[in-house]
Amino acid sequence: MQNYKDFLDYVLIDEISLQKRIAELGAEINQDYTGQDLMLICILRGGITFMVDLMRHVTVPHVMDCMAISSYGVGARSSTGNVRVTYDLQNNIEGRNVLLVEDIVDSGHTISHVLQMLNTRNPKSLKVCALLDKEERREVIVPVHYRGFSIPNAYVFGYGLDIDEYYRNLPFIGVVDLEKYKPES
Ligand code: 5GP
């Protein structure tokens, strides 16, 4: 894998801005769910870094669970709309307040599919918290109740988001210069 500095176009959101906004989101969630039972659900794998940092600001008593989703067409840089669950929740969500924690909403297909599926399990409430939102790319209308940042139409990586599975560990969100990025064959 190339050094990310060779294909980093620019840092879109630095570490300090990310952490400040995540603390604000946590405060909003605390206010909205005061006195209520809460279940946070991390959408793996991109949402994991965000989830871990967000959870530390959520002081309302809560449980957490994870699910993994994949789109058909491995290697594609956008969702195809054919979404399937590869790892399901371990908890029953019936009658519970569920908040989905997602790295990024792009076309909206992934979150739309997850919402439809989870709604059939009769949660008391079901909301979405997305760190990043590429609104101009939307193909299906989906609610984003808590939004970290609206971002432009660019391929981003870092802070849980990958470039061919690498660099999820970076503490900032960077934009990939696709002309400089050389995928391994
Ligand atoms: P959607 O179904 O909304 O089109 O896509 C959602 C999923 O596509 C995200 O959870 C993420 O895995 C992936 N995705 C969309 N845009 C980006 C991006 O700019 N960078 C990365 N690393 N993944 C993205």
Side-chain angles (χ1 to χ4, degrees), residues 1-2 4-15 17-18 21-22 25 40-54 65-89 98-119 126-184:
M1 175 44 96
Q2 278 171 281
Y4 76 85
K5 289 179 185 164
D6 294 338
F7 58 76
L8 173 66
D9 194 357
Y10 59 97
V11 172
L12 181 65
I13 310 170
D14 65 24
E15 185 175 1
S17 309
L18 278 171
R21 184 72 188 119
I22 291 166
L25 290 173
L40 299 177
I41 294 180
C42 176
I43 310 289
L44 298 172
R45 283 161 287 183
I48 200 161
T49 318
F50 176 39
M51 175 69 145
V52 169
D53 282 345
L54 180 68
D65 205 340
C66 300
M67 66 190 304
I69 310 295
S70 90
S71 296
Y72 295 111
V74 177
R77 298 213 192 285
S78 65
S79 168
T80 57
N82 297 314
V83 176
R84 71 193 163 95
V85 176
T86 56
Y87 174 78
D88 207 343
L89 299 175
V98 173
L99 180 58
L100 294 178
V101 178
E102 169 77 311
D103 53 355
I104 184 166
V105 182
D106 185 17
S107 69
H109 287 296
T110 304
I111 212 71
S112 167
H113 178 89
V114 173
L115 287 171
Q116 278 174 40
M117 192 191 71
L118 294 184
N119 262 322
L126 182 55
K127 290 189 176 180
V128 175
C129 176
L131 180 65
L132 307 175
D133 191 352
K134 283 191 210 170
E135 285 159 284
E136 67 184 89
R137 294 255 307 162
R138 204 70 97 250
E139 291 172 15
V140 287
I141 296 169
V142 286
V144 179
H145 304 91
Y146 303 93
R147 176 185 291 106
F149 300 87
S150 290
I151 65 165
N153 179 11
Y155 197 80
V156 293
F157 73 116
Y159 199 74
L161 292 114
D162 72 308
I163 173 89
D164 289 334
E165 295 301 328
Y166 286 86
Y167 293 122
R168 294 185 193 273
N169 56 308
L170 296 174
F172 57 82
I173 303 279
V175 171
V176 178
D177 181 336
L178 289 169
E179 299 210 332
K180 292 189 182 154
Y181 177 63
K182 296 182 181 45
E184 280 165 30

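Keep in mind that the numbers below use all heavy atoms, side chains included, and drop hydrogens, waters and symmetry copies. First listed ligand is number 1; within each ligand, the first listed atom is number 1.
Side chain of Q2 to main chain of F7: no donor-acceptor pair is present (N/O by atom type, distance under 3.5 Å, no hydrogens or angles). In this structure, the side chain of E139 does not engage the main chain of H109 through any donor-acceptor pair within 3.5 Å.
Each of the following atoms of ligand 1 lies closer than 4.0 Å to a heavy atom of E102: 10 (O). The ligand atoms of ligand 1 that sit less than 4.0 angstrom from a heavy atom of A154 are 19 (O). Counting the atoms of ligand 1 from 1 in the order shown, those under 4.0 Å from a heavy atom of T110 are 1 (P), 2 (O), 5 (O), 6 (C). Atoms of ligand 1 found under 4.0 Å from any heavy atom of K134 (numbered from 1 in listed order, with element): 16 (N), 17 (C), 18 (C), 19 (O). Those atoms of ligand 1 that come under 4.0 Å of a heavy atom in D103, given as number and element, are 9 (C), 10 (O), 11 (C), 12 (O).
Taking both residues in full, the closest heavy atoms of R147 and L25 are given as O-CD2, 3.8 Å, listed atom of the first, atom of the second, then distance.
Considering each of V176, I104, I111, the one bringing a non-hydrogen atom nearest atom 9 (C) of ligand 1 is I104.
Taking the six-membered ring for Trp and the full ring otherwise, Y181 and Y4 have centroids separated by 6.0 Å or more.
For ligand 1, the polar-atom distance check against G108 finds a nitrogen or oxygen pair separated by under 3.5 Å.
When the shell of 6.0 Å around CD1 of I48 is examined, it contains 12 or fewer heavy atoms from other residues, nucleotides or ligands. More than 12 heavy atoms of other residues, nucleotides or ligands shown are found within 6.0 angstrom of CD on E165.
Residue contacts with ligand 1 do not include F157, since none of its heavy atoms lies under 4.0 Å from the ligand. A heavy-atom separation below 4.0 Å is not found between S112 and ligand 1.
To the nearest 0.5 Å, the span separating CG on L178 from CG on D9 amounts to 9.0 Å.
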